[in-house]
Amino acid sequence: MALTCFIRYQIDSFQRDAFERDAQAWGRIIPRCGGNLVGCFLPHEGTNDVAWGLIGFDSRAAYERYRAALKTDAQGLQNFRAAQEARFILREERTWLADVPATRERAREIEP
């Protein structure tokens, strides 16, 4: 991957379960539409209304192809509508990051 889209979500903390179900659905939709899903992350301790999603792409052009695929994906469109209706996502911020390949997916060398 050359680029990672880092998405910061402000969520309704009372609808955490709805966001988790939404993220699970995106776990099927994103790869099908051409994104490399690094993962979705829910709050665990501390701030209870911030979640993250990371999606990798080989290029900006790959991202544009992904966006076009999302616009025709029935499950993707359904997921967008459900999130809008339920209003569990209050705000989204997207930041584009350049990958440093030598630091990606490094396994730990010793057991903690």
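Reckoned from all heavy atoms, side chains included, excluding hydrogens, waters and symmetry mates.
The distance from the OG1 atom of T95 to the CD1 atom of I7 is 9.5 Å, given to the nearest 0.5 Å. Within the model, atoms CG of L3 and CG of N36 stand 12.0 Å from one another, a figure rounded to the nearest 0.5 Å. For the atom pair I89 CD1 and Q10 CD, the distance stands at 11.0 Å (nearest 0.5 Å).
For the salt bridge (Lys or Arg N to Asp or Glu O under 4.0 Å) condition, no pair includes a residue of residues 35-49, sequence neighbours left out. Evaluation of the salt bridge (Lys or Arg N to Asp or Glu O under 4.0 Å) test over residues 61-70, restricted to residues two or more places apart or in two chains, returns none. The salt bridge (Lys or Arg N to Asp or Glu O under 4.0 Å) pairs that include a residue from residues 75-84 number zero, where partners must be two or more places apart or lie in different chains. Residue pairs that meet the salt bridge (Lys or Arg N to Asp or Glu O under 4.0 Å) test with at least one member in residues 85-97, sequence neighbours left out, are R8-E93, R91-E93, E92-R94.
Of the possible polar contacts, one joining the S59 side chain to the A62 backbone as a donor-acceptor pair under 3.5 Å is found.
With sequence neighbours left out, R108 forms a salt bridge (charged side-chain N to carboxylate O under 4.0 Å, His left out) with E111. Qualifying side-chain contact (heavy atoms from CB on, under 4.5 Å) partners for A86, counting only residues two or more places apart in sequence or in other chains: Q15, F88.
Residues F80 and L90 do not share a hydrophobic cluster, defined by chaining ILVMFWY side chains whose heavy atoms lie under 4.5 Å apart. F41 is connected to L97 through a chain of hydrophobic side-chain contacts under 4.5 Å among Ile, Leu, Val, Met, Phe, Trp and Tyr, so both are in one cluster.
Aromatic ring orientation, F57 versus W96: tilted (interplanar angle from 30° to 60°).
The heavy-atom pair separating I11 from R16 by the smallest distance is CD1-CA, 4.5 Å.
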Anything under 3.5 Å between a donor and an acceptor, one on a side chain of residues 18-34, the other on a protein residue two or more places apart or in another chain? List them.
{"from": "D22", "atom 1": "OD1", "to": "W26", "atom 2": "NE1", "distance (Å)": "3.4"}
{"from": "D22", "atom 1": "OD1", "to": "N79", "atom 2": "ND2", "distance (Å)": "3.0"}
{"from": "D22", "atom 1": "OD2", "to": "W26", "atom 2": "NE1", "distance (Å)": "3.3"}
{"from": "R28", "atom 1": "NH1", "to": "Q24", "atom 2": "O", "distance (Å)": "3.3"}
{"from": "R32", "atom 1": "NE", "to": "D73", "atom 2": "OD2", "distance (Å)": "2.9"}
{"from": "R32", "atom 1": "NH2", "to": "D73", "atom 2": "OD1", "distance (Å)": "3.0"}
{"from": "R32", "atom 1": "NH2", "to": "D73", "atom 2": "OD2", "distance (Å)": "3.1"}
{"from": "R32", "atom 1": "NH2", "to": "Q75", "atom 2": "OE1", "distance (Å)": "3.1"}

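Proximity of F6 to I55: side-chain heavy atoms (C-beta onward) are nowhere separated by under 4.5 Å.
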